[in-house]
Number of protein chains: 2
Amino acid sequence: MVFQISIKYYTLVRRLTYSKMSHRLLKENIKKHVRINSKDLDTICSFFEPKYIKKKEFLLTQGDIYKFEGFVLEGCFRVFTIDKKGNENVLHFASKDWWLMDIDSFMNQTPSHLNIQALEDSQVLLISRTDKLALYESVPIVEKLFRIMSQKAIVAWQRRLIRNHSLTAQERYIHFIENYPKIASKLTDRQTSSYLGITHEFLSKIKRSKK
Amino acid sequence: MVFQISIKYYTLVRRLTYSKMSHRLLKENIKKHVRINSKDLDTICSFFEPKYIKKKEFLLTQGDIYKFEGFVLEGCFRVFTIDKKGNENVLHFASKDWWLMDIDSFMNQTPSHLNIQALEDSQVLLISRTDKLALYESVPIVEKLFRIMSQKAIVAWQRRLIRNHSLTAQERYIHFIENYPKIASKLTDRQTSSYLGITHEFLSKIKRSKK
DNA sequence: ATAATTTGTTGAACAAGTTCAACCTTTCTA
DNA sequence: TAGAAAGGTTGAACTTGTTCAACAAATTAT
């Protein structure tokens, strides 16, 4: 009996500790973007709920309406579309400390064009659309936070387009594995090639010629 | 004498009228993105000053630090980088009712990677960095405005990347002229090809084969 | 109006990347 | 643990797009 209680107690403490830990990563992330007081930070984080997703499971499937925004605590995701020809196009990956959103579907509540799939057992913090919209109103700095995050994202997309236009597939591959070694090491060649915009066969040939 | 005065008066009235007209386009643009009261709208617009730029002149040159953000009233611009191999890569064009910014340089006050050049005699409304930063503080809805504009821009960049990965050069060319006929009609083939990420020779061959 | 420059067109040789098919290795699953 | 499924490699033929060079057409500056 005593033993059981102590297990329960231990579990409870672990959960709380864990929960604080998980929000800590989110807090650190937010503080990278804006100066923010701890009250606002606590309010923001209080709306994020942890969720566990198993390898190969989907957080979002093409056609769904996206009702959550996510922040990755652990694991790795791929965000991709399937085009008319049936090919998968990876927009990006998201591992620990990255955000997961489908801005288009979330903003306009239209069916999503994107799929978000876990590449390994993963944990995310999710905020519902309702709570997010409420946060924009009640905690004004949230607007600034996402304005700044969005602007940084635009810069990243611009640079990626330029790389696609000015570099060969081999150069893009080298850039990718050098700049995102942690993510790259978790991927199959098929996933990497889809991100780079080439076939997996050609990636295989690039790797051979590099040696 | 009387004649001279009347000319002066006419010019003054025209300027005032013109200035209101020009801010009207900006106001309409802003109202597409956010619900906003007319006082805030007036405050925002009051910081934008008109500027005329002649064909081929630059609003920004690679290496400069960007100190303004612009809104195009008339004319057309191209935003491009020159990479190490000396090739021009057009990020995008901006004609009437579009925004002109170099987010990276403007945010971080680092030397710009971009060039912004007028393709024809053009007019823009410019806001200085100082005024923009002050606006973010004094008119909170400005944060929301640029947050939403930025998020729409991200969606556009994502779609463009997917087109680059999933469509042939010919399909991208057709998409471009069908979706941006006004801008496309103002461009030389060299400019169009640089936007599409192909050589101008190959664009010429695409056009021939299309007939 | 003329010269100079930029732009567009075309062809031939070439390079980059795809497709398809075969085969092997690894990983998942019953 | 066997069988199935998925991932990786390789080669040959093919397609897409580039490069370079030459020339014609259109703009621009003088």
Side-chain angles (χ1 to χ4, degrees), chain A residues 54-58 76 78 80 82-90 93 115 117-121 161-177 183-211, chain B residues 54-58 76 78 80 82-90 93 115 117-121 161-177 183-211:
Chain A
K54 286 205 178 143
K55 185 170 181 171
K56 296 199 177 175
E57 278 183 3
F58 285 78
C76 191
R78 65 197 255 263
F80 66 101
I82 300 175
D83 64 29
K84 289 157 200 160
K85 296 167 193 164
N87 295 315
E88 292 183 0
N89 294 284
V90 172
F93 303 101
N115 304 278
Q117 186 184 29
L119 299 178
E120 51 187 39
D121 291 355
L161 184 99
I162 290 169
R163 286 197 299 275
N164 277 333
H165 280 184
S166 64
L167 302 182
T168 64
Q170 167 152 353
E171 290 167 332
R172 275 179 281 149
Y173 172 65
I174 292 170
H175 177 275
F176 179 63
I177 57 174
I183 291 182
S185 68
K186 293 180 178 182
L187 305 177
T188 64
D189 282 3
R190 285 168 138 90
Q191 288 157 357
T192 304
S193 66
S194 167
Y195 172 82
L196 296 172
I198 58 177
T199 60
H200 62 275
E201 293 97 330
F202 191 57
L203 177 56
S204 178
K205 284 160 197 174
I206 286 173
K207 287 167 65 184
R208 178 179 46 172
S209 73
K210 245 195 70 183
K211 280 164 201 159
Chain B
K54 288 205 176 141
K55 185 170 179 170
K56 297 199 177 174
E57 277 182 4
F58 285 78
C76 191
R78 66 196 255 265
F80 66 101
I82 300 177
D83 62 30
K84 288 158 200 160
K85 296 168 193 163
N87 295 315
E88 291 182 1
N89 294 284
V90 172
F93 303 101
N115 304 276
Q117 185 185 29
L119 298 177
E120 52 188 38
D121 291 355
L161 184 99
I162 291 169
R163 287 197 300 276
N164 278 333
H165 281 183
S166 64
L167 302 182
T168 64
Q170 166 150 351
E171 289 167 333
R172 277 178 280 152
Y173 172 65
I174 292 170
H175 178 274
F176 179 62
I177 57 175
I183 290 182
S185 68
K186 292 180 180 182
L187 304 178
T188 64
D189 281 3
R190 285 169 137 89
Q191 288 156 358
T192 305
S193 65
S194 167
Y195 173 82
L196 296 173
I198 57 176
T199 60
H200 61 276
E201 294 98 329
F202 190 57
L203 177 55
S204 178
K205 284 161 197 174
I206 286 173
K207 286 167 67 182
R208 179 180 48 172
S209 73
K210 245 193 70 183
K211 281 166 200 160

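Residue numbers start from 1 in every chain, and the chains themselves are labelled A, B, ... in the order their sequence lines are given, proteins ahead of strands.
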TODO: Report the distance from atom NE2 of H165(B) to atom P of dA16(C), rounded to the nearest whole Å.
DONE: 18 Å
TODO: Measure across E88(B) and S194(B) and return the closest heavy-atom pair with its distance rounded to 0.1 Å.
DONE: O-OG, 3.0 Å
Task: Any residue meeting side-chain hydrogen bond (donor to acceptor under 3.5 Å, both in side chains) with K186(A), in chain and number order, not counting sequence neighbours - done: E120(A)
Task: H200(B) NE2 to dT6(C) P, straight-line distance once rounded to whole Å - done: 13 Å
Open item on the list: Nearest whole Å is fine: how far is dC28(C) C1' from L119(A) CG?
Closed with: 16 Å
Open item on the list: Could you work out how much the helix from dA1(C)-dT30(D) to dA30(C)-dT1(D) bends, comparing the axis of its first five pairs with that of its last five, to 10°?
Closed with: 60°
TODO: Name all residues meeting the side chain to side chain contact (heavy atoms under 4.5 Å, CB included) criterion together with K54(A); count only those two or more places apart in sequence or in a different chain, and write none if there are none.
DONE: E57(A), D121(A)
Task: Interatomic distance, E120(A) CD vs dC28(C) C1' [rounded to whole Å] - done: 17 Å
Task: Shortest non-hydrogen separation from N164(A) to L196(A) and the atoms involved - done: OD1-O, 4.2 Å
Open item on the list: Tell me the interatomic distance from K85(A), atom NZ, to dT19(C), atom C1', rounded to whole angstroms.
Closed with: 13 Å
Open item on the list: Holding to ring-ring contact (aromatic ring centres under 6.0 Å, His included), I want the full list of residues that pass it with F80(A), two or more places apart in sequence or in another chain.
Closed with: none
Open item on the list: Tell me the interatomic distance from N164(B), atom CG, to dG17(D), atom P, rounded to whole angstroms.
Closed with: 11 Å
Open item on the list: According to side chain to side chain contact (heavy atoms under 4.5 Å, CB included), who are the partners of S204(B), at least two apart in sequence or on a separate chain?
Closed with: none
Task: Shortest non-hydrogen separation from N89(A) to H165(B) and the atoms involved - done: OD1-CB, 3.5 Å
- [ ] Take the protein atom CD1 of I206(A) and the nucleotide atom P of dT10(D), then report the distance between them rounded to whole Å.
- [x] 14 Å
TODO: May I ask you to list the residues of residues 187-196 of chain B, by number, that have any heavy atom positioned under 4.0 Å from an atom of DNA chain C?
DONE: T188(B), D189(B), R190(B)
Task: D83(B): salt bridge (Lys or Arg N to Asp or Glu O under 4.0 Å) partners, not counting sequence neighbours - done: none
TODO: If a pair satisfies salt bridge (charged side-chain N to carboxylate O under 4.0 Å, His left out) and one of its residues is in residues 161-173 of chain A, list it, with sequence neighbours excluded.
DONE: E171(A)-K85(B)
Task: Residues in side chain to side chain contact (heavy atoms under 4.5 Å, CB included) contact with T199(A), at least two apart in sequence or another chain - done: E201(A), F202(A)
- [ ] Can you check each nucleotide of nucleotides 18-30 of chain D against protein heavy atoms at under 4.0 Å and return B for base, S for sugar-phosphate only, - for none, in 5' to 3' order?
- [x] BBB-------S--
TODO: Using modelled atom types only, decide if a donor and an acceptor are shared between the side chain of S193(B) and the backbone of L203(B) within a distance under 3.5 Å.
DONE: no
